[in-house]
Amino acid sequence: MGEYPRVEVREGLASIIVPDLSKYVVGNRPEPAHAPVFYNPRMEVNRSLSIAIINGYVNYVGRTGITICEPLSGSGVRAVRYAREVNGVLRVVANDISERAYELIKLNVDRNGLNDVVNVYRDDANNLLLRIAREGGCDVIDIDPFGSPQPFIENSLRAIRDQGLLCVTATDVGVLSGKYPIKCVRRYGALPQKFPFRFEVGIRILISTIARYALSMDYGVQPLVSFLDGHYYRVCLLILKDRAYALETFRNLGYAYYRQGTLQRGFIAGYPIPASSRYRLAGPLWIGNLWDAEFLMNHFMRNVRDYFSDRAREVSKLIVDESLGPNIPYALTTEISRDLGRELPINDVIGVIRGLGYQAVRSHFHIKGFRTNADLLRVREVIMGK
C-alpha cells in the first residue's frame with residue numbers, strides 16, 4: 001500500500017484508518033487534498049445526513065435489501081458507514097481509481113467486519129457505473145467528488161434503478177453561485193447571477209443539470225432534500241423512469257429573476273426560452289420545490305440519530321423548518337434594513353412579516369436569509385415607520 005502517516009478515527013458507528021491530516025497542513029490548516037488518500041472530516045455532516053436520508057428513502061418507497069453504489073470512495077468512510085448504519089442494506093459497492101485508496105478501503109471494510117456486505121473495486125468511476133448498469137443497476141448512487149459532479153451524472157442515471165435515489169455533492173459552490181459565470185456556463189450550461197440569493201441560484205442550477213440529463217433519457221426527477229453546508233451543495237433526488245414524470249420535470253425548468261429597485265424576485269417558467277421579461281435572469285435552473293416537506297418531516301427527521309454531530313442535527317432542523325416556507329427565493333435582512341441606518345436582527349424582521357399576516361421562515365443558505373411571500377417593499381416601509 002505504501003507507507004504514510006495514519007490514524008484511527010471514529011465517525012458514526014464506524015472505526016476507520018485514515019491519513020494523519022496533521023502531516024498535510026497548508027496555511028496552518030489540514031488540507032485533505034494533499035493527503036495520499038482523500039478523507040475530509042468536515043464532510044461528516046454530509047455523510048450523517050445522507051444516512052438519515054437513505055434510511056428515510058427506504059421507508060418512503062417501501063424498498064428492502066437495497067444496493068448502494070459509491071464510485072468515488074476515497075478512504076471508504078462513507079461506504080463503511082452505509083453498510084453499518086443504513087437499515088436493511090444488502091450490498092455496498094465502494095470504488096476508487098487510486099491504488100492507495102483501494103487498499104485503504106479494503107483495510108477499513110475488513111476492520112469493521114463488512115467483507116460480506118461491501119464489495120471493493122479499483123476502477124474509473126464512469127466505467128464502474130456502466131458496469132453496474134449492465135448488471136441491473138443500484139437503488140442508491142452517491143456521487144461525492146472533489147469538485148464538480150458533472151462528469152458522473154449521465155452514467156449515474158444509466159446505473160440507477162427506477163425510483164432510485166441519486167445523491168450528488170458539488171464542492172464548486174463558487175462556480176455555481178456566480179463567482180465564475182463563464183465556467184458555470186461551460187460546465188453546467190447555465191448562467192448564474194450575483195443576486196442576493198445567489199447561493200440558491202447555484203443549487204437550482206445543479207438540480208436543473210441533473211434534470212436535463214434525466215430528460216434526455218425520458219426520466220423525471222423529484223428533489224427530496226437539498227442543502228448548502230459551507231463549501232458544498234448536496235442534493236438527493238428520486239429518479240423516476242416514466243415519461244409522465246419527465247413531463248412534470250420539464251415544467252419545473254425555467255429562470256430566476258430579481259429587480260433591485262422593487263426587491264422583487266421569483267421564477268419564470270420556460271425552457272429553453274423563457275417568456276419575455278423585464279428582469280435580469282439566471283438559468284436555466286430548477287424552479288420547483290427544493291424539498292419534499294412530507295418526506296423531511298415523516299421520514300428524514302425520525303432517522304436523524306443522537307450520535308450524529310451537533311452540526312449535523314442543527315442543519316437537519318434548519319432544512320426541515322425552511323421546507324415549510326414558500327417556494328420564493330430567499331431575501332436578506334440587509335435588503336430590508338438598507339435605509340434604516342442599522343441592520344435589523346433577522347428574528348425581528350420575521351416577526352414584523354408574520355405580524356402582517358404573511359409567511360416567513362429562516363433560510364439555511366445565508367445567516368441573514370429568510371423566505372417570505374410578503375411584498376418586501378411593504379415590509380421595508382413598515383420597518384421604516386417604526
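Positions are given from 1 along the sequence.
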In sequence, state the C-alpha distance, the side-chain angles, and the governing distance for Ile16 and Glu11, and then conclude on side-chain contact (heavy atoms from CB on, under 4.5 Å).
CA-CA 8 Å; Ile16 62 166; Glu11 185 180 298; 5.9 Å; no
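- Using a 4.5 Å heavy-atom threshold, the side chains of Tyr60 and Leu224 count as touching.
- Within the 3.5 Å criterion, the main-chain N or O of Trp291 finds no donor-acceptor partner in the side chain of Asn289.
- Checking Glu322 against Ser363 by side-chain atom types alone, a donor-acceptor pair falls below 3.5 Å.
- Atom CD of Glu314 has more than 12 neighbouring heavy atoms from other residues, nucleotides or ligands inside a 6.0 Å radius.
- Between Asp96 and Lys106 no salt bridge is recorded (no basic side-chain N to carboxylate O distance below 4.0 Å).
- At least one side-chain heavy atom of Gln163 sits under 4.5 Å from a side-chain heavy atom of Leu240.
- Between the side chain of Asn55 and the backbone N or O of Asn87, at least one donor-acceptor pair lies under 3.5 Å.
- Side chain of Asp124 to main chain of Asn127: a donor-acceptor pair is present (N/O by atom type, distance under 3.5 Å, no hydrogens or angles).
- A salt bridge links Glu248 and Arg251; the closest N-O separation between the charged side-chain nitrogens and carboxylate oxygens is under 4.0 Å.
- The neighbour count for Tyr307 OH, taken as heavy atoms of other residues, nucleotides or ligands under 6.0 Å away, is above 12.
- Counting heavy atoms from C-beta on, the side chains of Pro19 and Leu104 come closer than 4.5 Å.
- Side-chain atoms of Arg362 come within 3.5 Å of backbone atoms of Ile367 as a donor-acceptor pair (strictly under, hydrogens ignored).
- When all heavy atoms of Tyr255 and Pro284 are compared, the closest pair comes out as CE2-N, 3.5 Å.
- Minimum interatomic distance between Phe308 and Ala312 (heavy atoms only, all atoms of both residues): CB-CB, 4.0 Å.
- Contact of the Val9 side chain with the Tyr39 side chain is registered, since non-hydrogen atoms from C-beta on lie closer than 4.5 Å.
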Set out, in order, the CA-CA distance, both residues' side-chain angles and the distance that settles side-chain contact (heavy atoms from CB on, under 4.5 Å) for Glu154 and Met217, then state yes or no.
CA-CA 9 Å; Glu154 183 174 3; Met217 303 176 187; 3.6 Å; yes
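- In this structure, the side chain of Asn108 engages the main chain of Ser75 through a donor-acceptor pair within 3.5 Å.
- At a threshold of 4.5 Å between non-hydrogen side-chain atoms, the residues Val118 and Val80 do not count as touching.
- Side chain of Asn119 to main chain of Val93: no donor-acceptor pair is present (N/O by atom type, distance under 3.5 Å, no hydrogens or angles).
- A donor-acceptor contact shorter than 3.5 Å is absent between the side chain of Arg158 and the backbone of Leu130.
- Tyr279 and Arg265 share no side-chain donor-acceptor pair at under 3.5 Å.
- Nearest heavy-atom pair across Leu129 and Pro71 is CD2-CG, 3.8 Å.
- Each of Ile205, Ile207, Leu176 was evaluated against Tyr233; a single residue qualifies, Leu176, per the side chain to side chain contact (heavy atoms under 4.5 Å, CB included) test.
- For the residue pair Asp123/Asn95, the side-chain donor-acceptor check at 3.5 Å is not satisfied.
- Put simply, the side chain of Arg234 reaches to within 4.5 Å of the side chain of Ser50, judged on heavy atoms.
- Separation of atoms NZ (Lys194) and OG (Ser177) is listed at 8.5 Å; rounding is to 0.5 Å.
- Note: Phe195 and Tyr258 have tilted aromatic rings, judged against thresholds of 30 and 60 degrees for the angle between ring planes.
- In this structure, Val235 is a member of the same hydrophobic cluster as Tyr213, with clusters built from ILVMFWY side-chain heavy atoms closer than 4.5 Å.
- Between Val92 and Glu70 there is no side-chain heavy-atom pair separated by less than 4.5 Å.
- Panel note: side chain Tyr82, backbone Ile54; no donor-acceptor pair is recorded below 3.5 Å.
- Taken together through direct or relayed side-chain contacts under 4.5 Å among Ile, Leu, Val, Met, Phe, Trp and Tyr, Phe38 and Ile143 form parts of separate hydrophobic clusters.
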Step by step, work out the side-chain contact (heavy atoms from CB on, under 4.5 Å) result for Val221 and Leu166.
CA-CA 9 Å; Val221 304; Leu166 177 60; over 6 Å; no
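- Hydrophobic cluster membership is shared by Ile346 and Leu324, with clusters built from Ile, Leu, Val, Met, Phe, Trp and Tyr side chains linked at under 4.5 angstrom.
- Heavy atoms only, all atoms of each residue included: His364 and Leu318 are closest at CB-CB, 4.0 Å.
- Under a 3.5 Å cut-off, the side chain of Asn126 and the backbone N or O of Pro151 do form a donor-acceptor pair.
- Atom NZ of Lys241 sits in a crowded spot, with more than 12 heavy atoms from other residues, nucleotides or ligands closer than 6.0 Å.
- Tyr271 contributes atom OH, which lies 8.0 Å from atom OG of Ser208 (distance to the nearest 0.5 angstrom).
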Run the side-chain contact (heavy atoms from CB on, under 4.5 Å) check on Gln193 and Val201 step by step: do they pass?
CA-CA 8 Å; Gln193 299 282 3; Val201 166; 5.9 Å; no
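- Counting heavy atoms from C-beta on, the side chains of Leu72 and Phe152 come closer than 4.5 Å.
- For Arg305, the CZ atom counts as densely surrounded, since its 6.0 Å shell holds more than 12 non-hydrogen atoms of other residues, nucleotides or ligands.
- Cluster membership check: Leu13 shares its hydrophobic cluster with Ile66, using side-chain heavy-atom separations under 4.5 Å among Ile, Leu, Val, Met, Phe, Trp and Tyr.
- Thr249 and Gly220 make their closest contact through OG1-CA, 3.2 Å (heavy atoms, listed as atom of the first residue, atom of the second, distance).
- Considering every non-hydrogen atom in both Ala14 and Glu85, the closest pair reads N-OE2, 4.3 Å.
- Not one N or O on the side chain of Arg371 forms a donor-acceptor pair closer than 3.5 Å with the backbone of Gly325.
- Using a 3.5 Å distance cut-off with no hydrogens or angles, the side chains of Asp172 and Tyr188 do pair a donor with an acceptor.
- Side-chain atoms of Ser48 and Arg313 form no donor-acceptor pair, as typed in the model, at a separation below 3.5 Å.
- Taking a 6.0 Å sphere around CZ of Phe370, one finds it holds more than 12 heavy atoms contributed by other residues, nucleotides or ligands.
- In this model, a donor atom of one side chain and an acceptor atom of the other lie less than 3.5 Å apart for Ser15 and Glu8.
- To the nearest 0.5 Å, atoms CE (Met297) and CG (Asp321) are separated by 10.0 Å.
- Under the 4.5 Å side-chain heavy-atom criterion for ILVMFWY residues, no single connected hydrophobic cluster contains both Tyr232 and Phe146.
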